[in-house]
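Heads up: the structure comes next, in structure tokens.
In listed order, ligands and their atoms are each counted from 1.
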Amino acid sequence: MKKGYFITFEGADGCGKSTQMNLLAQYLLKNGYEVVLTREPGGKGLGEKIREILLNYDGEVSPRCESFLFLADRAQNIDITVNPAINAGKIVLCDRHIDSTVAYQGYGRGLDIEKIVYLNNLAVNGRKPDLTFVYDIDVETSMKRVGTEKDRMESAGKDFHNKVRHGYLELAKQEPDRIKVVDGTNSVEEIHKKTVEIFNLLLDRDNFENR
Ligand code: TYD
């Protein structure tokens, strides 16, 4: 029986994770895997509506409210998209997931990390990524890449984004088997090569045969 996989892509705004996710998807498709792409916030349907609020609402949003909205979207994405695909033996690639909430709402906004982890666990209902890429870039590069058209989260300031970066690196230290940090300042091709290399290590490790 085919084994499904759940792989998540994380990092600062503008770190190149969406590009890398799409390149890995093309690589996997070429190699005969069945792939499902999703993202948080905003998998599909209701998730899209939650995404709109999270990124564009211009009134006051409390950090706790913000967290619950990300978590609500996550629960929906896990139930509607991720779990059915994994149960069908597909490889699910997700643009941002649990570590974004720890990095942005925990480290960035200063909410209690243990509580965020607890709430994340409730939202994912036991599903955990098999592998997570963190594309690491410094805040100056991130800001340059994002440019002047910023959404609500991107407008949060340099200090906030420094804390987010630090959060990701801390998480990677705590879970080195799952979370792999890749230097996001190299060329797209080099980063893709590294991404494929790490993915193949996961396959070797699990003796995964799904071709
Ligand atoms: P998005 O446009 O998807 O940004 P990117 O292309 O950089 O992924 O916007 C998602 C924003 O929401 C991004 O700034 C990170 C933030 N975010 C959180 O703060 N917490 C979360 O749990 C998630 C999933 C995202």
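The shell of residues lying under 4.0 angstrom from ligand 1, judged by heavy atoms, excludes R39. Not a single heavy atom of E66 sits less than 4.0 Å from an atom of ligand 1.
If you number the atoms of ligand 1 from 1 as listed, the ones under 4.0 Å from a heavy atom of K17 come out as 5 (P), 6 (O), 7 (O), 8 (O). Short contacts between ligand 1 and R74, defined as distances under 4.0 Å to a heavy atom of the residue, involve ligand atoms 22 (O), 24 (C). For ligand 1, the atoms sitting less than 4.0 Å from at least one non-hydrogen atom of M153 are 11 (C), 12 (O), 14 (O), 16 (C), 19 (O), numbered in the order shown with element in parentheses.
The nearest non-hydrogen atom to atom 1 (P) of ligand 1, considering only R96, E40, K150, R51, comes from R51. Counting only non-hydrogen atoms, the option in F70, Y104, F160 that gets closest to atom 25 (C) of ligand 1 is F70. Nearest-residue assignment for atom 22 (O) of ligand 1 (options N120, T101, D73; heavy-atom criterion): T101. For atom 10 (C) of ligand 1, the nearest non-hydrogen atom from the set C94, A156, P41 belongs to P41.
Looking from atom 20 (N) of ligand 1 to the surrounding protein, the closest heavy atom is Q105 OE1, 2.8 Å. The protein non-hydrogen atom at the shortest distance from atom 4 (O) of ligand 1 is D13 OD2, 3.8 Å. For atom 11 (C) of ligand 1, the closest non-hydrogen atom of the protein is L55 CD2, 3.7 Å.
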- Take K158 and E140 through the test salt bridge (Lys or Arg N to Asp or Glu O under 4.0 Å) and record every step on the way to the result. CA-CA 8 Å; K158 197 169 163 185; E140 285 71 26; 2.8 Å; yes
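Closest non-hydrogen pair, R145 versus T185, comes out as NH2-CA, 4.1 Å. Nearest heavy atoms, L71 versus A123: O-CB, 3.7 Å.
With a 4.5 Å cut-off on side-chain heavy atoms, K128 and I98 count as touching.
Checking each of K163, E66, H161, R96 against Y104 for a side-chain hydrogen bond (donor to acceptor under 3.5 Å, both in side chains) leaves exactly one that passes, namely R96.
In this structure, R109 forms a cation-pi arrangement with F160, its terminal cationic atom sitting closer than 6.0 Å to the ring centre and no more than 45° off the ring axis.
Among residue pairs with one or both ends in residues 110-124, none qualify as salt bridge (Lys or Arg N to Asp or Glu O under 4.0 Å); sequence neighbours excluded.
Between the side chains of R74 and T101, a donor-acceptor pair is found at a separation under 3.5 Å.
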